[in-house]
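The chain is numbered in sequence order, starting from 1.
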Amino acid sequence: PMNDKEKLDLILKELKSLRDDIEVMKIHNDLTHRKLDDLTLDVKIAERAIRKDISHLQDAQETVITVLEHKGILPQAN
């Protein structure tokens with residue numbers, strides 16, 4: 001059987017192992033959080049670019065429609 005000191009040493013060893021595991025988990029959590037922040041920013045930038053592209057396409061479409069209406073190819077919209 002183990003004496004009290006051996007039991008305490010074993011408990012302390014397990015506690016240190018748990019602390020080390022927690023530190024690793026904290027590091028992984030921080031990295032995951034940073035990746036999520038980066039991804040969120042990338043999505044926002046992409047959304048902005050897409051909205052801008054859609055706006056340009058709408059402007060171009062309106063220009064084409066106006067030209068076609070003035071040339072009589074497309075009936076005038078009311």
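Salt-bridge annotation for Lys16 and Asp20: present, with a side-chain N of the basic residue lying under 4.0 Å from a carboxylate O of the acidic one. A salt bridge links Glu23 with Lys26: at least one charged nitrogen is closer than 4.0 Å to a carboxylate oxygen.
Here the CG atom belonging to Asp4 is positioned 9.5 Å from the CD1 atom belonging to Ile11, to the nearest 0.5 angstrom. A distance of 11.5 Å separates CD in Gln58 from OG1 in Thr63, rounded to the nearest 0.5 Å. Interatomic distance, Gln61 CD to Thr66 OG1, rounded to the nearest 0.5 Å: 10.0 Å. With rounding to the nearest 0.5 Å, the separation of CD in Glu69 from CD in Glu62 is 10.5 Å. If you take CZ on Arg34 and CG on Asn29, they are separated by 10.5 Å, rounding to the nearest 0.5 Å. The distance from atom CG of Asp30 to atom CE of Met25, rounded to the nearest 0.5 Å, is 12.0 Å.
The hydrophobic clustering, which links ILVMFWY residues whose side-chain heavy atoms are closer than 4.5 Å, places Val64 and Val67 apart.
Side-chain N/O atoms of His33 and Asp37 include a donor and acceptor closer than 3.5 Å.
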Acceptor/donor pairs from residues 48-55 side chains to any protein atom, 3.5 angstrom cut, sequence neighbours excluded:
none

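Judged as a side chain to side chain contact (heavy atoms under 4.5 Å, CB included), and not counting sequence neighbours, the contacts of Met2 are Glu6, Lys7, Leu10.
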